[in-house]
Every structure is written in structure tokens, then in C-alpha cells.
Amino acid sequence: MKINELHDSIKNKTARLAVIGLGYVGLPVAAMFADAGFDVIGVEIQADRVAKINSGVSPIEGDEPGLAELLARVIKTGHLHATMDYAGLSDRDIILIDVETPVDEQNIPRYEALRSVLKSLGPVMKRGALVIVESTIAPGTIASLVLPLLEQYSGQKLTEGFYLGACPERVMPGKLLKNLSTLSRVAGGMTSETSEAIIALYRYIVHADLDAADCVTAELVKTTENAYRDVQIAFANEVALICEAVGGDVWKVRELVNKSPMRQMHLPGAGVGGHCIPKDPWLLAYGARDGNVPLRLIPAARAINDSMPVHMVDLLMKALTDVGRELKGAKVVVLGYAYLENSDDTRNSPSEVLVKRLRELGAEPVVHDPWIAEYAGDVFERVKGCDAVVLMVAHSAYRKLDLDRLKSALRSPILVDGRRVFEPGKILSAGFNYYCLGAGSL
Ligand SMILES: NC(=O)c1ccc[n+]([C@@H]2O[C@H](COP(=O)([O-])OP(=O)(O)OC[C@H]3O[C@@H](n4cnc5c(N)ncnc54)[C@H](O)[C@@H]3O)[C@@H](O)[C@H]2O)c1
């Protein structure tokens with residue numbers, strides 16, 4: 001198919017679509033294009049996920065407004081079908097790639113999933129197909145890795161045999177559909193005609209700016225926006241530690257700082273997790289690996305944010321010491337194990353680090369999380385007989401906790417809050433010893 005024919009097929013919705021990787025990003029994207037009237041297949045390697053999706057049930061358990069209904073609808077109409085078989089891609093005109101792109105222990109992306117996709121896709125790819133990488137990748141990866149591998153495995157050449165672009169996602173769990181339809185996107189193409197085709201396609205689901213760019217710009221924008229967030233959170237966290245040291249309250253400080261023009265101090269917190277923010281700054285940095293760029297800020301921000309769950313343990317120790325207790329042997333309730341409020345996503349969970357540290361120091365952690373089957377259940381049952389509570393995630397359920405019941409279930413009323421979920425006045429009048437990240441003992 002020539003690029004103008006591809007344009008026509010997008011215009012009259014006869015283009016056949018595929019989404020490879022039906023996770024937090026790929027599943028809602030596939031469902032939205034299906035709902036827009038395209039014929040979409042989703043390729044996924046997890047058999048149970050494929051079965052669940054084909055039965056019209058979303059495998060994403062968190063609070064995801066509209067997704068369950070949307071998925072049920074597009075499966076019923078037959079516009080979306082999931083499969084494990086790459087042979088199904090042979091008639092696809094447009095293929096979106098949405099697989100995970102983690103970094104390893106040395107913070108280097110190995111792209112196992114992406115390489116495997118390209119190896120399976122190349123031999124079956126239709127001539128003239130448009131391949132769009134939605135996954136977050138280091139700047140330069142389309143040119144240095146995706147293009148050569150796709151040429152190698154397909155035996156075809158760029159623009160003669162296929163078109164290639166990068167259109168990174170900006171979604172966040174809890175707001176997947178909303179973010180998808182309302183946030184602007186950068187449509188990176190290996191040629192300007194490719195960018196235009198990508199824009200024409202996404203126009204069906206994105207009701208915001210679609211900006212044409214080259215691939216490296218699209219890759220840079222995505223990794224930069226998440227590195228920006230990580231650095232800003234690290235700054236807020238460092239100020240939080242300073243506030244604790246000098247007897248201030250970072251939550252009040254932040255509120256007042258942000259009254260000053262052009263200041264948008266981020267929220268501090270008990271840790272940064274998820275699939276994206278902890279690794280995207282490393283992807284950005286990796287893009288410059290051959291350029292002798294002295295990296296100082298990005299690694300420092302990562303180190304600060306990674307240290308926050310350990311700081312929460314220090315705060316807990318202080319709280320226990322203040323009442324003459326020891327951490328060793330203490331039974332500690334950890335509220336929240338997902339990395340984000342009202343989500344079931346536990347990837348790079350700060351609570352995992354906290355729990356490990358508590359065990360190392362001889363404490364006995366007891367985890368509760370309403371969104372994760374393993375840890376769900378009655379929170380007061382979990383709290384019964386424990387020595388302290390550490391709040392790690394601002395799930396809505398925790399904001400509504402009955403403080404009197406919480407206090408009477410605990411052996412000692414110690415509450416360490418890593419997200420300022422509780423209002424100090426209320427919690428103190430309920431009789432708790434209240435410690436808050438960025439404010440210390442209140
Ligand atoms: N989660 C987010 O909030 C978010 C936001 C923006 C961008 N991103 C980026 O999007 C990409 C995907 O993230 P995600 O959170 O959806 O990951 P995910 O792990 O939820 O989904 C990836 C899916 O791809 C599947 N998969 C892996 N290898 C495959 C293969 N060879 N063939 C077919 N399927 C395969 C996995 O089984 C999984 O279901 C990443 O690059 C991420 O950085 C994620």
C-alpha cells in the first residue's frame with residue numbers, strides 16, 4: 001500500500017489495525033480504535049489475558065472509569081479480537097506496538113519484548129504496513145534498533161516496504177481513557193508523510209493537539225516529560241527532608257510556594273513507582289550514552305526518590321522510639337501496595353522496598369491494599385493488635401477510614417503518613433501519635 005492509499009484507508013476506516021501488547025496502554029488504545037469503528041486485533045503473549053479480553057472482561061483491576069464497559073462493547077460488536085497468533089497480523093495495514101520497555105539493574109534498556117515483537121512481526125508483515133511504536137523508548141531507538149531489525153526480519157525497506165513512526169503514550173493508570181482522549185500527542189514519523197498518516201489515524205480517538213515531528217523528537221519529548229516529573233518530585237522530597245530537619249511542614253510550605261508566580265512545586269511522597277517514572281529518566285539518559293554528556297541531575301533525582309521508602313522506615317523508628325518502643329519485633333500495618341492511588345499496578349512498588357526494609361530490621365509487616373486480591377480484605381482485621389500504621393498509598397478508601405475504629409484496633413496509636421492523607425487536626429484529636437513525611441512529629 002502506498003502512503004496515499006493508507007491515508008484513504010484511514011479516512012474511510014477500512015484500514016485494518018493491530019495492537020501488540022494488551023497491557024495498561026495497549027488494551028485501552030485497541031478498545032478505543034475498535035469503538036471508533038476500525039477492525040482491530042490485539043496480539044498478546046499471556047494466554048489468560050487473551051481469554052479474559054475475548055470474554056469481554058477487562059484484566060485491569062483498578063478503578064478505571066469506562067474501560068470495562070468499553071471493552072465489553074467492542075468485544076460484543078466484534079470490532080476487537082485478541083489472539084496470541086502473530087499470523088493474524090498478515091492482513092494488517094497499521095500495527096501499534098505497546099509492549100513493556102524496562103531497564104535492567106544497571107539502568108540499561110535491553111528491549112527484550114520489543115525485539116521479540118519485531119522478530120515475530122517482520123516475517124508476517126504486509127507490504128506497505130505502517131508500524132507505530134507507542135512504547136516509551138530511549139531517544140534514537142527507532143533509528144538504531146527498530147528500523148534495522150524490522151528491515152532485517154521483514155526483508156523489506158523503509159518507505160518501499162513499510163512505514164515507521166513513534167507516537168508515545170501519555171496515559172496514567174486510573175485515567176486511561178480520559179488521558180487517551182484528552183491529552184495531546186507527538187506523532188513522530190520517519191518521513192513527514194508518515195507523521196501526517198499517524199495524525200489522521202489518532203484524530204479518531206484524540207481530541208487534543210496532534211503535533212507532527214520526527215521520531216527522535218517524539219522519543220525525546222516522552223522521556224523528557226517523565227524525567228521532568230521525576231526531578232520535580234525529587235526536589236519536593238528533598239525539601240520535605242529539610243522541613244523535617246528544621247521543624248517545618250512541607251505541605252504548608254508547598255501550598256505557599258505555589259502562590260508565587262511561575263512556581264509549581266510537585267507533591268513529595270513515600271516513593272515513586274510504576275512502570276514509567278522510575279525508568280524513563282534512564283531511557284532519556286541512555287539516548288546520550290555515546291555523547292560524553294555528564295549526567296548529574298537525573299541520577300541524583302532517581303537516588304532521592306528511591307530512598308523515600310527507606311526514609312519512611314526511619315520516620316517510623318523515630319515514632320516508636322518517642323514512645324519507648326523498638327522497631328525490632330514490632331507488628332506494622334502497611335496501607336497500600338500499589339504504586340498509585342486506586343490502582344492495582346504494583347510495578348516498582350515503593351511499599352515493596354519498605355516491606356523488605358522492615359523485615360531486614362526485624363519488624364513484622366502486615367500489608368493491606370483494597371485493589372490487590374492478595375492484600376485486600378477488612379482493614380480493621382488486618383490492623384488488629386498491630387503496633388503502628390504506615391500509610392504508603394493515598395487510596396480513596398483510606399481517606400474515609402473510621403479513625404476511632406482504627407485506634408481501638410491498634411495496640412499503640414502510631415500513624416506514619418507518607419502522603420498527607422490525614423488532616424493533622426482530626427488525627428490528633430482522635431488521639432493518635434501522628435508523624436507525617438515532610439513534617440515529622442505533629
Ligand atoms: N503504564 C503506563 O501508565 C504507561 C504510560 C505511558 C507509556 N507507557 C509505556 O507503554 C509501554 C507499555 O506499558 P504498559 O504499562 O502497558 O505495560 P504492560 O506490561 O501493562 O503491557 C505490556 C503487554 O505486552 C505484552 N507483551 C510482552 N511481550 C510481548 C510480545 N512479544 N508479543 C505480544 N505481547 C507482548 C505483555 O504480556 C503485557 O501484557 C511501555 O513502554 C511504557 O513505558 C506506559
Side-chain angles (χ1 to χ4, degrees), residues 18-31 41-53 58-62 64 67 82-89 92 95-103 109-125 131-139 141-142 145-146 149 153 166-180 183-186 218-219 221-227 229-230 272-284 286 338-349:
V19 177
I20 305 180
L22 297 176
Y24 286 93
V25 171
L27 180 62
V29 170
I41 64 165
V43 180
E44 168 59 57
I45 48 171
Q46 295 181 52
D48 52 344
R49 218 172 168 84
V50 168
K52 207 162 186 183
I53 291 167
S58 172
I60 298 172
E61 307 274 344
E64 216 46 84
L67 183 61
T83 177
M84 294 177 73
D85 188 1
Y86 271 78
L89 293 174
R92 296 291 114 176
I95 297 143
L96 275 51
I97 300 178
D98 285 289
V99 293
E100 66 273 19
T101 49
V103 294
R110 302 286 176 197
Y111 298 123
E112 272 106 351
L114 183 58
R115 286 172 191 274
S116 158
V117 165
L118 298 170
K119 192 171 182 185
S120 307
L121 168 65
V124 296
M125 190 170 69
V131 177
I132 304 168
V133 179
E134 289 204 322
S135 295
T136 307
I137 47 181
T141 304
I142 291 281
L145 184 132
V146 180
L149 287 185
Y153 293 128
C167 189
E169 263 303 340
R170 284 181 161 155
V171 297
M172 193 170 166
K175 298 179 188 154
L176 293 173
L177 296 185
K178 186 168 175 245
N179 284 171
L180 254 169
L183 298 185
S184 72
R185 296 279 284 270
V186 182
E219 295 164 322
V221 171
K222 174 66 204 182
T223 47
T224 300
E225 68 200 28
N226 278 356
R229 190 155 168 72
D230 199 48
V272 171
H275 179 49
C276 298
I277 306 284
K279 55 95 178 163
D280 289 356
W282 295 121
L283 293 181
L284 176 63
Y286 186 73
Y339 89 91
L340 183 70
E341 58 267 26
N342 306 324
S343 167
D344 65 340
D345 193 345
T346 59
R347 288 177 291 179
N348 298 309
S349 158

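Both ligands and their constituent atoms are indexed starting at 1 by order of listing. Because the structure is a prediction, the values reported are computed rather than measured.
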Can you check whether [Y]'s main-chain N or O pairs, donor with acceptor, with [X]'s side chain at less than 3.5 Å?
| X | Y | value |
| --- | --- | --- |
| Ser343 | Pro173 | no |
| Lys222 | Glu169 | yes |
| Arg49 | Leu22 | yes |
| Asp280 | Thr223 | no |
| Glu44 | Thr83 | no |
| Glu219 | Thr141 | yes |

Could you see which bit of [X] sits under 4.0 Å from ligand 1, with heavy atoms only: side chain, backbone, both or neither?
| X | result |
| --- | --- |
| Tyr86 | side chain |
| Ile45 | both |
| His275 | side chain |

Test: Arg170 and Glu225 ion pair at under 4.0 Å:
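So Arg170 pairs with Glu225 through a salt bridge.
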
Lys/Arg N to Asp/Glu carboxylate O, Arg185 vs Glu134, below 4.0 Å:
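So Arg185 pairs with Glu134 through a salt bridge.
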
Restricting to pairs with a member in residues 113-122, which pass side chain to side chain donor-acceptor pair (under 3.5 Å), not counting sequence neighbours?
none

Walk me through it: do Tyr86 and Val117 pass the test side-chain contact (heavy atoms from CB on, under 4.5 Å)?
CA-CA 9 Å; Tyr86 271 78; Val117 165; 3.5 Å; yes

Closest protein heavy atom to [atom], given as residue, atom name and distance to 0.1 Å:
| atom | value |
| --- | --- |
| atom 16 (O) of ligand 1 | Val25 N, 2.9 Å |
| atom 9 (C) of ligand 1 | Thr136 OG1, 3.5 Å |
| atom 21 (O) of ligand 1 | Gly23 CA, 3.2 Å |
| atom 5 (C) of ligand 1 | Val171 O, 3.1 Å |
| atom 27 (C) of ligand 1 | Glu100 OE1, 3.3 Å |
| atom 6 (C) of ligand 1 | Glu169 O, 3.5 Å |
| atom 3 (O) of ligand 1 | Pro173 CD, 3.2 Å |
| atom 39 (O) of ligand 1 | Glu44 OE1, 2.7 Å |

Asn348 vs Tyr339 side-chain heavy atoms within contact, under 4.5 Å
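No, too far: nothing below the 4.5 Å cut-off.
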
Please could you name the atoms of ligand 1 that [X] approaches to less than 4.0 Å, counting only its heavy atoms?
| X | value |
| --- | --- |
| Arg49 | 39 (O) |
| Lys222 | 6 (C) |
| Val43 | 33 (C), 34 (N) |
| Ile20 | 32 (N), 33 (C) |
| Val117 | 30 (C), 31 (N), 32 (N) |

Looking at every heavy atom in both Val124 and Ala87, which two are closest together, and how far apart are they?
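In terms of heavy atoms, the two residues are closest at CG1-CA, 4.4 Å.
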
Less than 3.5 Å between some nitrogen or oxygen of [X] and one of ligand 1, yes or no?
| X | result |
| --- | --- |
| Tyr24 | yes |
| Tyr339 | no |
| Thr101 | yes |

Counting heavy atoms only, which of [options] comes nearest to [atom]?
| atom | options | value |
| --- | --- | --- |
| atom 29 (C) of ligand 1 | Val99, Asp98, Leu176 | Val99 |
| atom 4 (C) of ligand 1 | Gly26, Ser116, Cys276, Ser120 | Cys276 |
| atom 1 (N) of ligand 1 | Gln46, Lys279, Arg347 | Arg347 |

Please report the interatomic distance CG(Asn179) to CG(Leu177), rounded to the nearest 0.5 Å.
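One gets 9.5 Å once the value is rounded to the nearest 0.5 Å.
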
Please assess Lys279 against Thr101 for the test side-chain hydrogen bond (donor to acceptor under 3.5 Å, both in side chains), listing each intermediate value before the final yes or no.
CA-CA 9 Å; Lys279 55 95 178 163; Thr101 49; 3.0 Å; yes

Does ligand 1 have any atom sitting under 4.0 Å from a heavy atom of Met84?
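No.
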
